[in-house]
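Quick notes on the structure that follows.
Predicted model only: the values in this text are computed from it and were never measured.
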Amino acid sequence: DWLHVRGTGLLSANAGKTRLAGIESQIDWRVTEKLSLNVGAAYNYSKIVDYVCVTCAVSITGNSDVSGNALPRVPSLNGSFGAQYTADLAKPLMGGLFEQWYLRGDYVYQNRMYATEANLAWTPDTHVVNLRAGLSSDDARFELYMLNATNERTYTSIVRNVDVLR
């Protein structure tokens, strides 16, 4: 346990207990000289074992016991997949400045995240696709890209906001 005082009267301290565990993996595979794949995944387990949530009792649920709930703003699953195809240009462009062309696609997944320890509000799962195409060499790169090509509208983070003036 720790206690820290900053400024004039701001007090923060460890409170309660949680269980955390996780695993993640990343694989990069050059399938051929021209095709590269990458995949990544992470699993994060979080459980509040013992914590008194005063905010939950006062303004969210009326109950301060959030034992058994997941930690807020921590998705339990993340994943990504990417593929890139690169090839030599038939003839270098701009006096040899560009020697190769490439196409790349990436998919990113993130599952729900809770806003607070009460676990009542959360973000939906997120699915994002990013696309890129370009010209490159050891000295330069020109790239066109489209982030969020499927126009995913899911929030990627969540925080509870309180209007203290009410």
Quiz item: Would a hydrophobic clustering, with Ile, Leu, Val, Met, Phe, Trp and Tyr connected at side-chain separations under 4.5 Å, put F81 with V31?
Solution: yes

Self-check item: Neighbour count >12 (heavy atoms, 6.0 Å) for atom CG, L147
Solution: yes

Quiz item: Under a single-linkage rule joining Ile, Leu, Val, Met, Phe, Trp and Tyr whose side-chain heavy atoms are separated by less than 4.5 Å, which residues share a cluster with Y114?
Solution: W122

Practice problem: Given side-chain contact (heavy atoms from CB on, under 4.5 Å), test T150 with V128 step by step and report yes or no. | Solution: CA-CA 7 Å; T150 57; V128 176; over 6 Å; no

Quiz prompt | With sequence neighbours excluded, residues passing side-chain hydrogen bond (donor to acceptor under 3.5 Å, both in side chains) with E33 | solution = none

Exercise. Starting at NZ of K17, measure out to NZ of K47 and round the result to the nearest 0.5 Å.
Key: 13.5 Å

Practice problem: Find the distance between CD (Q110) and NE2 (H127) and round it off to the nearest 0.5 Å. | Solution: 10.5 Å

Quiz item: Who passes side chain to side chain contact (heavy atoms under 4.5 Å, CB included) against A118, sequence neighbours left out?
Solution: C56, I60, T61, T116, L120

Exercise. Taking all non-hydrogen atoms of both residues into account, name the closest pair between P92 and G96 and its distance.
Key: CB-CA, 3.7 Å

Quiz item: In Å and rounded to the nearest 0.5 Å, what is the CG to OG distance from L97 to S137?
Solution: 5.0 Å

Exercise. Taking atom CG of D138 as the centre, report whether more than 12 heavy atoms of other residues, nucleotides or ligands fall under 6.0 Å from it.
Key: no

Quiz item: Of all residues at least two apart in sequence or in a different chain, which pass the salt bridge (charged side-chain N to carboxylate O under 4.0 Å, His left out) check with R73?
Solution: none

Self-check item: T154 versus E152, side-chain donor and acceptor atoms under 3.5 Å
Solution: yes

Self-check item: Set of side-chain hydrogen bond (donor to acceptor under 3.5 Å, both in side chains) partners for S64, sequence neighbours left out
Solution: none

Quiz item: side-chain hydrogen bond (donor to acceptor under 3.5 Å, both in side chains) with D139: which residues, sequence neighbours excluded?
Solution: none

Exercise. Please check if the side chain of N130 supplies one atom and the backbone of N148 the other of a donor-acceptor pair under 3.5 Å.
Key: yes

Exercise. Can you tell me which residue pairs pass the ring pair (Phe, Tyr, Trp, His ring centres under 6.0 Å) test with a partner in residues 26-50, sequence neighbours excluded?
Key: none

Quiz item: Does the N111 side chain pair with the main chain of S76, one donor and one acceptor, at a distance under 3.5 Å?
Solution: yes

Quiz item: Applying the 4.5 Å side-chain criterion to the ILVMFWY set and letting contacts propagate, would I27 and L35 be lumped into a single cluster?
Solution: yes

Practice problem: Taking all heavy atoms of S46 and all of L20, pick out the closest pair and write down the distance. | Solution: CB-CD2, 3.6 Å

Practice problem: Could you tell me which residues satisfy salt bridge (charged side-chain N to carboxylate O under 4.0 Å, His left out) with R112, sequence neighbours excluded, listed by chain and number? | Solution: none

Self-check item: Path from Y102 to L131 over hydrophobic side-chain contacts below 4.5 Å
Solution: no

Practice problem: Check for a donor-acceptor pair, side chain of N78 on one end and backbone N or O of A42 on the other, with a separation under 3.5 Å. | Solution: no

Self-check item: Contact list for residues 114-137, test salt bridge (Lys or Arg N to Asp or Glu O under 4.0 Å), sequence neighbours left out
Solution: R132-E143

Quiz item: Say you draw a straight line from CG of L37 to OG1 of T32; how long is it, rounded to the nearest 0.5 Å?
Solution: 8.5 Å

Practice problem: Return the set of residues passing side chain to side chain contact (heavy atoms under 4.5 Å, CB included) with L89 (not counting sequence neighbours), or none when no residue passes. | Solution: L93, F98, W101, L135

Self-check item: Same cluster (ILVMFWY, side-chain, under 4.5 Å), Y51 and L71
Solution: yes

Quiz item: Looking at N38 and A83, what are the two nearest heavy atoms and their distance?
Solution: OD1-N, 4.3 Å

Quiz item: Would a 4.5 Å heavy-atom cut-off, applied to side chains only, mark T86 and K34 as touching?
Solution: no

Quiz item: Out of curiosity, does V129 fall in the hydrophobic cluster containing L144 (side-chain heavy atoms, cut-off under 4.5 Å, transitive links)?
Solution: no

Practice problem: Measure the CG-OG1 distance between D50 and T18 for me, rounded to the nearest 0.5 Å. | Solution: 10.5 Å

Quiz item: Between OH of Y109 and OG of S80, what distance do you get to the nearest 0.5 Å?
Solution: 13.0 Å

Exercise. Under the side chain to side chain contact (heavy atoms under 4.5 Å, CB included) rule, collect the residues that match up with A133, sequence neighbours excluded.
Key: L103

Self-check item: Listed partners of V58 passing side chain to side chain contact (heavy atoms under 4.5 Å, CB included), at least two apart
Solution: V54

